Amino acid sequence: MAPDIVQASHFRVLQVSSLLFLLLLFLLLLIPLSLSNHPAGTAIGLLVFVLTFCLPGYLLLTLLTRLPAAARTLLSPVFGVVSITTAYDIFARASVPAYFPYLVVVLAAAGTILVAREIISAPAFFPWSLRGYDTIMAGSAVALALAPLFWRSGRFSDGEFVFYGPAGQDHLFHLTLLQRLLHYVPPDNFMISGLRAPVYHYFDDLALALILRMQSALHLGAIDLFDLYYRCYPIFVYFLIGALAYRTGKQLLGTARAGTLSVLLLLGAGGLGCFFGVLQTAVHAAHSTAMRMSFFSEWATWDGIDAIRPLVHRPAHYHSLLICLAAINVLILPERSRRNWLVAGLLLGLMAGFNFTLAAIFGIAAVLGSLLLFLRRKRDEAGDLAWLALFIFIGSLPVNAAMLLSGFHDVSPGFPFRGPNLEFPSTVWGAVLGRVIPHSLVPWASLIMFPVVAYGVKLFGIRAMKRIDLGGERHRGMAMVFAIAFVLSFMIGTFFPYQGVGGIAIVFLQPTLWILGLFALHPVDAWLDRHRGSWRSVALWGMLGLTWMQALGAFNFSSKAAFGQDSVQAMRDIRLAAAADDVVAYSSVLTERPIWGYADASTNFSIMAMTGLDGYFSSQTYSISFAVPGLSGSSPSEVLAQARGLYERRRDDVSSFLQGNLGDAGSARLVRDHVRWIVVSGDAMKGISSSTTPWRKTGEVVVFRLPQ
């Protein structure tokens, strides 16, 4: 009788899990489709993604590895994105991009045949059990938490074309880059036109450009640009990040609790910034409006690294996290061979086009780790890391070769870093600590305060990192690589400020959050097990969950940026009428409006994103930084002076045109630089006194079309 009861109970659990599984997948498709500008085009975009990346990725992984079918299915989209996009870049640089879609079709057809054969020959190809459900449900839950910020943006709502929170900031830069990649690979300098472009990892946008090229080559119907970027792609990216993060914890520690903990720690939770956010909100308790605005400001910014924001704000971060999680899942399989190290190395090497700095750090870490293990007479583990380093180099070779052939053109004059110094921790905590301690102690106090608040409970992983321990002897080689990568990234990001855009090398620190979270998994899980059922474990889970939910609330409901419907139509008309080498000058930015929180200062990429054209100039900071690679001088200060002078001259020429006093020399410069369009909005509209008749005029923008 007892076995029958157990079997019936297991069957009921399986039924409930099946229903929840189907509901999550249904919502994962229904919500973005219902919010699309063109639902049919969005559905086509999803189909083309599977055709372009998933099926070829499955074929390539089958040829290269002996991974289990479930792991191969989950990893195939990631391997497909990195390998197919890198191959497309090579074809485009060789001036034969038109033939590449047909090669992809051949690979997809072979992948389809392979999948069909394996389904027929192995009925358990997709295991219909709880083991298969939990990973898929975790991926779906993460996607349903993160992706709505994108699904709600880049679409019409209440007569406005809206972008919410981070979705209306740097993503507009990437939308512009995506459109430029449809014309030029590598992309031109669309921030300050006519100059040599800086080196930039653009493969995340190239992957989307390839989807549009595939759709066009196969005549599958139109895909709306904003639906592709804001609806289609986030489904796959965040589903895979969630599923692989969950699988990492469950494979390392063997429990669903560890999988859930892995999702929270690897995706940004765990810092102590939430406590400062709670205090800040409580201070305004007597004023409901101020309290609400404080509640919907991102508390995680207190940690100085923006622990969760990069997941929705910086494509280089979340793509590199996705690729690294895929590599980790290859290496933590119960049955691991030398071939697993080769595939993991390829993944990390092919990451160079998505996040070059992190790929380089892992390459250096693999070499150093192999050397250290060799000196400790651990020959087998040293050999594994040597092969890992070799295949990181092989995978990154196309990007390295392209950079060497074109020259390393950076947005910072001279050497990109300065230091060592304590500028970064002082920037984060100096203003607060300067009120309570002597100024001479502020830099050193900031150096202590910064990691304590930023890493929080992840500091449990420091001892494990010191022991090179990820939960077993068999993971020692992988732990060595991640420990060295953490030290390199932390040292550069903390003590060596970047001289380019932004000044602070925060991009080096962001990966350290999930690397230390990886080492913290085992000790934090053990602590939770010791305090199971007590208020301490409940408090820890509550803190981790609150950090995540509050950040998501701030992203979605703090502020929005919007264009009116007639202004959007004017931008679309420009895109239809303009040639690929036309340049747009603009004296406006997309203005954010508060919803329940504070309105951030929006970036000024919106006009380029809406028109798909190169910008004549951008803000002063971006214009000067992106002009540096195309200029030369005897010293960095001379190069900066030239960049500043170029920005001021272009700005003054456009201003003179709008005021109606542009001279012949200025007119000649606009013609020479292919400036065909000038878009004015905001306060700048009040100063227009040009006799030229506007090409389009709405309540928000005035568009001038200049003769050739």
Side-chain angles (χ1 to χ4, degrees), residues 22-55 77 80-81 84-85 101 104-105 108 136 139-164 166-168 171-172 174-179 181-182 204-242 312 315 318-319 322 556 562-563 565 568-569 571-572 575-576 609-610 612:
L22 293 173
L23 176 62
L24 288 174
L25 286 183
F26 178 71
L27 292 175
L28 197 58
L29 294 174
L30 175 66
I31 296 174
L33 285 173
S34 63
L35 294 176
S36 296
N37 298 315
H38 302 287
T42 302
I44 292 172
L46 297 173
L47 175 64
V48 175
F49 181 92
V50 173
L51 177 70
T52 306
F53 299 121
C54 298
L55 293 172
V81 167
I84 297 299
T85 304
V104 173
V105 169
I136 295 174
S140 301
V142 170
L144 288 169
L146 289 170
L149 173 67
F150 293 87
W151 295 343
R152 298 169 61 233
S153 299
R155 57 184 289 270
F156 283 104
S157 176
D158 297 327
E160 294 181 319
F161 202 74
V162 295
F163 302 92
Y164 291 93
H171 287 289
L172 298 177
H174 290 278
L175 273 168
T176 308
L177 178 54
L178 162 60
Q179 294 174 84
L181 286 166
L182 295 173
D204 50 330
D205 302 298
L206 186 63
L208 296 175
L210 176 57
I211 290 177
L212 292 174
R213 182 172 285 275
M214 289 288 298
Q215 167 266 325
S216 177
L218 301 178
H219 306 288
L220 292 177
I223 303 175
D224 182 82
L225 175 70
F226 293 93
D227 283 341
L228 174 63
Y229 192 94
Y230 285 104
R231 251 72 64 190
C232 297
Y233 199 53
I235 296 175
F236 293 99
V237 169
Y238 292 118
F239 171 83
L240 291 168
I241 287 176
V312 296
Y318 55 74
H319 280 90
L322 173 61
N556 281 277
F563 274 118
Q565 190 166 355
V568 173
Q569 187 59 51
M571 299 299 107
R572 288 178 175 172
R575 187 189 304 172
L576 293 172
M610 299 298 289

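All residue numbers in this chain count up from 1 along the given sequence. Quick caveat: nothing in here was measured; it's all calculated off a predicted structure.
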Mind checking the [atom1]-[atom2] spacing from [X] to [Y]? Nearest 0.5 Å is all I need.
X	Y	atom1	atom2	result
Leu146	Phe239	CG	CZ	13.5 Å
Leu228	Asn37	CG	CG	12.0 Å
Leu181	Leu206	CG	CG	5.5 Å
Thr42	Ile223	OG1	CD1	8.5 Å
Leu47	Gln215	CG	CD	11.5 Å
Ile235	Leu46	CD1	CG	5.0 Å

Restricting to non-hydrogen atoms, name the atom on [X] and the atom on [Y] that form the minimum distance, rounded to 0.1 Å.
X	Y	answer
Trp151	Pro234	NE1-CB, 4.4 Å
Ser140	Leu28	OG-CD2, 4.1 Å
Ala207	Thr85	CB-OG1, 3.5 Å
Leu172	Gly168	CD1-O, 3.3 Å

Is there side-chain contact between [X] and [Y], with heavy atoms separated by less than 4.5 Å?
X	Y	value
Val81	Thr52	no
Phe563	Glu160	no
Val50	Phe236	yes
Ser153	Tyr230	yes
Gln179	Asp205	no
Ile241	Val237	yes
Leu25	Ile136	yes
Cys232	Phe49	no

Is [X] reaching over with its side chain to a backbone N or O of [Y], donor-acceptor style, under 3.5 angstrom?
X	Y	result
Arg231	Gly154	yes
Ser34	Ile31	yes
Gln569	Gln565	no
Thr176	Ala609	yes
Ser216	Leu212	no
Arg152	Asn556	yes
Arg155	Val162	no
Asp204	Pro315	no

Open item on the list: As a quick check of understanding, evaluate side-chain contact (heavy atoms from CB on, under 4.5 Å) for Leu51 and Leu218, giving each step before the final call.
Closed with: CA-CA 11 Å; Leu51 177 70; Leu218 301 178; 3.6 Å; yes

TODO: May I ask you to decide if the ring planes of Phe226 and Phe161 are parallel, tilted or perpendicular, using 30° and 60° as cut-offs?
DONE: perpendicular

- [ ] Would you check if the distance from the ring center of Phe156 to the ring center of His38 is below 6.0 Å?
- [x] no

Open item on the list: Please report whether the ring centroid of Phe150 lies less than 6.0 Å from that of His171.
Closed with: yes

- [ ] Take Val48 and Phe53 through the test side-chain contact (heavy atoms from CB on, under 4.5 Å) and record every step on the way to the result.
- [x] CA-CA 8 Å; Val48 175; Phe53 299 121; over 6 Å; no

